[in-house]
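The residues of the chain are indexed from 1 along the displayed sequence.
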Amino acid sequence: MRKLLKIITFAVFCAILIFLIIFATFSVITSGANLDESKLIDYGNKIVILDDNGNEISNTSITGKRKSVALEDLNEHTINAFIAAEDGRFYKHNGLNYKRMLKALITNIKAGAFKEGASTISQQLLKNTHLSNDKTIKRKLCEIKLTKQLEKKYSKNEILEMYLNTIYFGHSCYGIQSAANFYFNKRAEDLTLSESATLVGLLSSPNNYSPFKNQEKSLYRRNLALKSMKNAKFIDENTYLSEINKPLEAKKTNDFEYYSSYISKVFDELENIGIDAYKLNDGCKIKTYLNADLQREIEQINYEYDNAVIVTSNETCGVCAYKSTIGDARRQPGSCIKPLLVYAPAINEKLIDTFTVIDDKKLDFNGYCPENYNKKYYGEVTVEECLKKSLNVPAVKILNQLSLEKAENYAKKMGINLESEEKNLSLALGGMKYGLNIKEICDAYSVFTANGSYKNSAFIDEIIDKEGKTIYKHKILENKVFDEGTTSLVNEMLINTAKNGTAKKLKNFNFDIAAKTGTCGNENGNTDAYTISYTGDHILGVWLGDANNKKLNITGGKEACEITKIILNKLYSDYLPKKIETDIGTKIIEIDKNEYKNNKKIALADDIAPLTCKKKVKVLINNIPKQKLTNFSHPIIKIPTILVENNTVCIVLCYAEYYYYLINREHNDEKIVIYDGKYIEKIYDSLTNDGTYSYSITPYFINKNEKIFGKTLTLSPVFIANNLKNPQKNLPDIVHDEWYFD
């Protein structure tokens with residue numbers, strides 16, 4: 001009995017000791033964690049966003065964006081949507097859900113990492129307002145301590161109200177009131193069941209689940225929230241089935257505040273770079289690349305249609321101005337894709353040169369029959385003309401020769417990920433299932449302004465905390481895609497496109513500008529019109545269309561080009577941009593014009609060839625033709641034809657421009673010149689003596705009064721028997737023959 005008592009006493013002592021150790025450890029680790037009530041109601045009231053000159057952008061502090069709402073004013077279904085999805089036992093626990101915590105602990109131990117957090121609404125409120133986003137034991141213990149303090153200090157309804165008024169919904173919206181206004185143009189008190197579920201669906205990743213960016217994902221997340229409400233018995237089966245079949249009701253407000261589009265992208269970028277929007281404490285400054293004057297200019301333009309505009313700096317890779325009435329919606333890029341996935345890759349692979357001749361005629365590619373604009377075809381045209389006129393059939397022919405596999409490899413390097421349905425020849429014309437947004441297209445065009453390197457643009461330059469410490473700095477990341485020579489050649493072609501091609505409305509600028517237009521649609525109207533242009537300093541993208549794909553009478557070469565002109569005039573009103581690089585990695589060579597024109601072959605011209613026989617072209621420095629013709633330094637001709645008729649020899653010469661001909665005749669060891677001069681088709685030589693005659697022909701070229709002789713050709717000998725001079729050598733013996741009959 002005493003032994004048992006000792007064992008029990010020892011066990012109790014050990015338990016108390018372990019408890020004291022745990023308590024002491026917990027107290028030490030969480031000693032600095034104390035509830036700051038001001039953070040629960042005044043979160044982020046002094047965070048500002050700065051333009052590229054360090055000036056504060058008006059109406060951008062989160063205080064201006066954030067509006068509070070009383071819990072009692074919200075509809076019951078709105079409150080239930082958040083509770084069902086985020087913390088079903090919110091009103092039953094004391095801030096900590098021990099059952100979920102134990103389950104999460106087991107999962108994390110099995111995974112060997114922090115996979116689950118099991119956070120209640122109370123814990124999320126504190127994590128968002130008091131703690132970092134680090135997944136550490138210390139942070140979790142501090143969260144537990146603060147949760148206990150929170151639950152003692154405030155009622156459940158007060159906690160839920162603070163949570164709903166501080167939570168981040170994306171697009172710089174803090175609190176449910178701001179989110180309701182931004183996504184549905186209404187007050188939070190008026191949210192429907194479906195709208196409430198849509199907002200709940202945003203919480204885990206506002207950037208990815210925004211209905212303005214990805215409707216499919218947003219719809220899925222909304223229906224997931226509705227399912228949670230059904231499982232929690234907040235709604236019945238019929239209501240659930242009715243609600244999940246409703247379309248998304250998100251609709252942007254008509255807020256044309258100058259900086260709204262730009263600021264929305266700033267907060268999207270915060271999430272992408274891993275900066276927790278909740279941790280931007282009071283006094284934090286976000287420096288952007290925004291050019292305020294340029295932004296105001298693009299906002300004030302009368303577009304007439306839905307639109308998206310972006311201007312990026314080649315030097316900083318920062319976005320100087322941005323506006324979009326369709327958010328991040330992706331659209332088919334049309335012919336804007338041709339330089340990126342057709343012409344530049346084919347040049348880089350040395351499949352084509354800018355002067356390569358392509359036969360533009362209607363073709364059937366195993367059932368796919370692309371057509372040119374207005375169904376016009378131009379026959380044999382150069383690659384440069386194909387791009388300038390934005391011809392469709394040649395682009396498809398080039399992609400077919402390049403291969404879809406290689407095109408996809410280049411696309412990946414430029415941040416373009418193709419779906420399986422997009423890997424077909426219509427890709428040459430911008431035929432894509434989801435398409436690209438205006439920023440993705442212009443970022444891809446950075447390869448032409450950065451000598452073949454892809455650079456992803458950014459809105460945020462730097463983030464500085466209230467102590468003046470830089471907690472984030474944008475670093476330019478490069479990915480090599482094309483050789484320098486390739487981009488030089490494409491640049492030159494696109495400069496010519498802006499001078500006398502589809503973008504010729506931009507031809508009157510007194511500085512280098514390269515441009516490519518794109519239009520998507522058919523004979524009934526167009527849905528998308530682009531002009532993507534760039535200078536030595538900036539890339540500018542303009543899209544016009546209709547958010548709902550309504551057919552419009554617009555084209556990239558007209559309306560989109562007109563908008564581009566307005567912006568370029570503003571952008572370079574005080575200075576001229578740098579020249580666009582068109583020479584690096586290339587070399588100008590002289591090819592033989594006749595070989596190029598008649599045989600469609602490319603060979604270096606003979607050094608001493610006449611200027612009229614040479615054609616200057618620009619090629620990649622590592623793609624100079626190996627063959628060099630010697631048709632003038634070593635003249636050579638085809639073997640002529642020789643004919644004999646009535647003792648007259650006729651020599652039929654093969655045509656060779658610029659050649660002279662020396663023709664010798666040899667008979668009985670006597671050699672004479674019968675012709676010495678320029679080309680004539682037939683040379684005649686009348687003969688009177690019998691015998692065998694041989695002829696030799698030597699072509700030559702006169703270079704600066706010097707005769708350069710080529711190879712002498714000897715023709716087949718001819719035999720002449722002159723029957724007119726002695727018509728009968730052997731006379732009959734009529735004296736001895738009995739030839740007379742009576």
Side-chain angles (χ1 to χ4, degrees), residues 65-91 121 124 157 160-161 163-255 264 267-268 271 306 325-330 434 547-549:
K65 289 285 182 184
R66 179 169 164 261
K67 300 174 182 178
S68 61
V69 62
L71 188 69
E72 61 189 26
D73 293 331
L74 294 174
N75 288 318
E76 185 177 7
H77 55 244
T78 300
I79 296 172
N80 290 340
F82 283 89
I83 291 176
E86 297 299 299
D87 189 357
R89 300 187 68 252
F90 174 69
Y91 282 104
I121 284 178
Q124 290 182 52
N157 284 349
L160 184 58
E161 182 178 294
Y163 169 76
L164 292 174
N165 282 318
T166 57
I167 198 165
Y168 182 59
F169 290 92
H171 296 285
S172 71
C173 296
Y174 287 86
I176 192 171
Q177 191 69 275
S178 296
N181 180 62
F182 180 82
Y183 288 100
F184 305 108
N185 196 20
K186 60 172 57 175
R187 298 190 312 158
E189 296 92 319
D190 300 324
L191 288 169
T192 65
L193 173 57
S194 175
E195 292 167 347
S196 300
T198 299
L199 293 183
V200 170
L202 296 171
L203 298 183
S204 61
S205 182
N207 184 49
N208 290 322
Y209 302 139
S210 168
F212 303 135
K213 294 184 176 182
N214 194 319
Q215 289 198 348
E216 289 186 13
K217 288 184 178 180
S218 183
L219 189 65
Y220 171 77
R221 295 292 299 182
R222 182 203 69 176
N223 292 345
L224 201 61
L226 289 169
K227 187 175 183 180
S228 296
M229 293 184 72
K230 184 194 73 168
N231 293 340
K233 302 191 184 313
F234 286 130
I235 58 174
D236 58 26
E237 181 73 18
N238 290 335
T239 302
Y240 168 71
L241 294 175
S242 174
E243 293 295 318
I244 64 173
N245 288 315
K246 289 182 178 179
L248 284 174
E249 299 165 333
K251 182 179 180 181
K252 274 192 175 180
T253 63
N254 294 322
D255 178 12
S264 178
F267 278 86
D268 288 347
E271 185 171 343
D306 279 315
T325 62
I326 59 169
D328 272 344
R330 289 180 166 88
Y434 297 110
N548 298 314
N549 288 313

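- The closest side-chain donor-acceptor pair between Thr239 and Asp236 falls under 3.5 angstrom.
- Not a single donor-acceptor pair under 3.5 Å links the side chain of Arg221 to the backbone N or O of Val200.
- Between atom CG of residue Leu248 and atom CD of residue Glu216 there is a gap of 10.5 Å, rounded to the nearest 0.5 Å.
- Nearest heavy atoms, Arg187 versus Ala180: C-CB, 3.9 Å.
- Applying the 6.0 Å contact sphere to NZ of Lys230 captures more than 12 heavy atoms from other residues, nucleotides or ligands.
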> Going through the checks in order, is the side-chain contact (heavy atoms from CB on, under 4.5 Å) test met by Leu160 and Glu86?
Replying inline: CA-CA 11 Å; Leu160 184 58; Glu86 297 299 299; over 6 Å; no
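- Distance check: Asn181 CG to Asp190 CG gives 11.5 Å after rounding to the nearest 0.5 Å.
- When the shell of 6.0 Å around CD of Glu237 is examined, it contains more than 12 heavy atoms from other residues, nucleotides or ligands.
- Interatomic distance, Gln177 CD to Leu74 CG, rounded to the nearest 0.5 Å: 8.0 Å.
- Once rounded to the nearest 0.5 Å, the distance linking NZ of Lys217 with OG of Ser205 reads 8.0 Å.
- Residues that satisfy the side chain to side chain donor-acceptor pair (under 3.5 Å) test with Glu161, not counting sequence neighbours, are absent from this structure.
- For residues 72-81, the side chain to side chain donor-acceptor pair (under 3.5 Å) pairs, not counting sequence neighbours, are Thr78-Ser196.
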> Going through the distances and angles, do Met229 and Glu243 end up as a side-chain contact (heavy atoms from CB on, under 4.5 Å)?
Replying inline: CA-CA 11 Å; Met229 293 184 72; Glu243 293 295 318; over 6 Å; no
> Does the pair Leu226 and Arg222 meet the rule for a side-chain contact (heavy atoms from CB on, under 4.5 Å), with working shown?
Replying inline: CA-CA 6 Å; Leu226 289 169; Arg222 182 203 69 176; 4.1 Å; yes
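- The aromatic rings of Tyr174 and Tyr168 sit tilted, their planes meeting at an angle between 30° and 60°.
- To the nearest 0.5 Å, atoms CG (Leu199) and CZ (Phe184) are separated by 4.5 Å.
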> Could you go step by step and tell me if Thr198 and Tyr209 meet the side-chain contact (heavy atoms from CB on, under 4.5 Å) rule?
Replying inline: CA-CA 9 Å; Thr198 299; Tyr209 302 139; over 6 Å; no
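- Ile176 pairs with exactly one of Leu191, Ile167, Thr166 by the side chain to side chain contact (heavy atoms under 4.5 Å, CB included) rule, that one being Leu191.
- Considering all non-hydrogen atoms of both residues, Tyr183 and Phe169 come closest at OH-O, 2.7 Å.
- The CD1 atom of Ile244 sits 12.5 Å away from the OH atom of Tyr220 when rounded to the nearest 0.5 Å.
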